[in-house]
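Each chain gets a letter, A, B and so on, in the order the sequences are listed, and its residues count up from 1.
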Number of protein chains: 2
Amino acid sequence: MKKVSILDVVEKSGVSLVTVSRVLNNVGTVRESNRQKVLQAIKDLDYRPNSAARSLARGSTGLIGLTLETLKDTVFDGIVHTVNQSLEESGYFLALSIFSRTEGDPDQKTNFLFQEDRVDGIIVLSLLDEENYVMELKRKKIPFVIIDNHVANSRALTVNVDNYIGGLEATKHLIELGHTRIAHVSGPDHFLSVRERKRGYEKALSDAGLSPLIVTHTESFGIRSGFDVAKTWMQNGMIPTAVFAGDDGLALGVMEAYQSEGYKIPDDLSVIGYDDQVFAAEIHPRLTTIRQPMEQMGQHAVRLLLKLIQGSKRNTSVVLQPELIVRESTAICLKKD
Amino acid sequence: MKKVSILDVVEKSGVSLVTVSRVLNNVGTVRESNRQKVLQAIKDLDYRPNSAARSLARGSTGLIGLTLETLKDTVFDGIVHTVNQSLEESGYFLALSIFSRTEGDPDQKTNFLFQEDRVDGIIVLSLLDEENYVMELKRKKIPFVIIDNHVANSRALTVNVDNYIGGLEATKHLIELGHTRIAHVSGPDHFLSVRERKRGYEKALSDAGLSPLIVTHTESFGIRSGFDVAKTWMQNGMIPTAVFAGDDGLALGVMEAYQSEGYKIPDDLSVIGYDDQVFAAEIHPRLTTIRQPMEQMGQHAVRLLLKLIQGSKRNTSVVLQPELIVRESTAICLKKD
DNA sequence: CTGAAAGCGCTAACAG
DNA sequence: CTGTTAGCGCTTTCAG
């Protein structure tokens, strides 16, 4: 009942250890007959190489880490699945690591992925505490790529989607529908993405000779925030004909608020969200929104990281374009000025 | 610029390699002065032990894997965070692995967590293809625990929450509010949990001398399914005073459907969901629902798994109790019969 | 309390 | 094409 090791394979197949290792790694040339013997022995013994020994001997693990904070996000889900697949195609395995902000001892950043040399590289997925994390990675010289970085001038390799364009497109869509009284609920101001989307919103308006109706920042994303903001607007007699929400949750909240006061969407009010979370396509009316190119994000991140690991020096960050998804929550403006 | 190894620490601290290893592992007794020397050297050198070498030498990795399929779930998120923390407290690290159903070659179940001996044990989180996965784990003799198993008679160790009780409590809540015309939208029938919840629903009704108004299974969970079911009910003149939905998404869909026809919730219709997803507490009205004890699930899973790894033989699966969360979507029945 | 010696299982030059 | 010889970096008996 002992564990079968490469030696058992050697014995059973009759060839030398090195030859076995060779067929294991598809390396060099091995006489076909020998290769078959080895393969057969491996099969008979149900042998699988010990990964620790492998890693030790070759100095790399074949593992890529991906650090994230939450499992409650459609976009993350999409990215991670793509990364998983791309990595697999390249012969790597993916291990996710949950980043829990350590409240106590800041010296105890035990998040294994970088604490030890367990991975060959890391993809950092939209971490709030990105700055410190990245600093550690640099110190430990672990190759990494950041998806959706929050720090602007990060000299690290990043994969991003152009939030400015996203805000611009969203707002242009509204303008093209004839809207002129366009409000914006934004998220927490300290997010780079939030500021960028707002900038896009402002640009689209000024390009059209319009000016922002009102911009409200919220403490957090989420339905409740959107609801509250919209309620406040109404209390102040603020009735836009269209709203650009910086997040689908906010958008849903806004819709609920206006609907609860008898407004019809999109007849009385157009609403556009951001991110295309699952529920966006499911609620009524289906939400018009801006979708992040999840597949591309994942693929680019993997490509960049692998090149980095292979020592390539000339790599450049990538900025992807978001996509407008028109559904049922936006419509032509019927209100005359 | 070479990697610092334990030998560098030996040299710098002046003690033997073994002593260094001892302080590294807090093992045996080491003279305090020596311990300090070592610690200092480690610090000066910024030394971290090589995990591959460690794993190889001691035959275990200190890593626990958790396999799941999706990152779009509040409950999973809660469980995983708890598992992460519990594991950390026990000196283990957590690595998540995305399980993508391999469409092609079924022999190519490359999901690393069990493909190689990279982990000391595995937590399987609600896998659709549980059966095959578990079979592999058994064959490879990797210790594992399943959270939310879908196969009934699984002889494996499992951590579950009693879905029967959940359905029972949800329905009892409605009955206690005076409802008698209680409908049930259920999920896909092949889920064990779905069938259990329904069984609870039926039991609660029969205990109260009532009978099911209507039970409709859906092809999938989600808002859209709930919406469609409710619409169909209405078309058939089916007007319950309360609905027990097998899932928060379904519940939201039901609410939307009835609201769109002018019904007020909870005044004209009470709705209760299941799972307490994030949005449940955010939508309007806030959804009454059944919450899964995520923390307990995570903790028990970890406890069981670690005991299993330590060779303990007498372990038993655990069944946890769900919790009724009363919010705003359910109210006293005002309709006279 | 400490150190010398013997691996853990596999890969990587280097000669045949 | 194949085998010999060294390690990879650390833990673990087993004597001091």
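For A:R54 and C:dC8, the CZ to C1' distance is 16 Å, given to the nearest whole Å. Rounding to whole angstrom units, CG of residue A:D117 and P of D:dG9 are separated by 10 Å. The distance between atom CG of B:L56 and atom C1' of C:dT11, rounded to the nearest whole Å, is 12 Å. Distance, A:E32 CD to D:dT2 P: 10 Å, rounded to whole Å. In this entry the distance linking CZ of B:R58 with C1' of D:dC8 reads 17 Å, nearest Å. The CG atom of B:L17 sits 12 Å away from the P atom of D:dG9 (whole-angstrom rounding). In this structure, A:N25 places its CG atom 5 Å from P of C:dT11, rounding to the nearest Å. Distance CG (A:N26) to P (C:dT11): 12 Å, rounded to an integer number of Å.
Contact annotation: B:N34 does not reach the phosphate of C:dC1 (side-chain N/O to OP1 or OP2, under 4.0 Å). Put simply, B:T29 has a side-chain N or O that comes within less than 4.0 Å of OP1 or OP2 on C:dC1. The side chain of B:T19 contributes an N or O atom lying less than 4.0 Å from OP1 or OP2 of C:dG3. The side chain of A:S16 places no N or O atom within less than 4.0 Å of a non-bridging phosphate oxygen (OP1 or OP2) of D:dT2.
Counting non-hydrogen atoms under 4.0 angstrom, B:V30 reaches the backbone sugars and phosphates but no base. Among the heavy atoms of the strands lying under 4.0 Å from B:S5 are primed sugar atoms or P, OP1, OP2 only; no base atom is included.
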Test log, rule side chain to side chain contact (heavy atoms under 4.5 Å, CB included), inputs A:Y92 and A:L63 = CA-CA 6 Å; A:Y92 282 89; A:L63 245 186; over 6 Å; no
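Between A:L192 and A:H150, the shortest heavy-atom distance links the atoms CB-O, 3.6 Å.
Nearest nucleotide to the B:R31 side chain, out of C:dT11, C:dC1, D:dG9: C:dC1. Comparing C:dT2, C:dT11, D:dG3 by their closest approach to the side chain of A:V15 singles out D:dG3. Among C:dC10, D:dT11, D:dT2, the nucleotide with an atom closest to any side-chain atom of A:A53 is C:dC10.
Taking a 6.0 Å sphere around CD of B:Q36, one finds it holds more than 12 heavy atoms contributed by other residues, nucleotides or ligands.
Nucleotides of DNA chain D nearest to B:V18 and B:A52 differ in position, and the one nearer the 5' end is that of B:A52. Across the interface with DNA chain C, nearest-nucleotide mapping of B:R22 and A:R22 shows B:R22 to be the residue nearer the 5′ end.
Salt bridge status for A:K140 with B:D46: absent, with no side-chain N to carboxylate O gap under 4.0 Å.
Under the side chain to side chain contact (heavy atoms under 4.5 Å, CB included) test applied with A:I123, the options A:I147, A:T67, A:V159, A:L304 reduce to a single match, A:I147.
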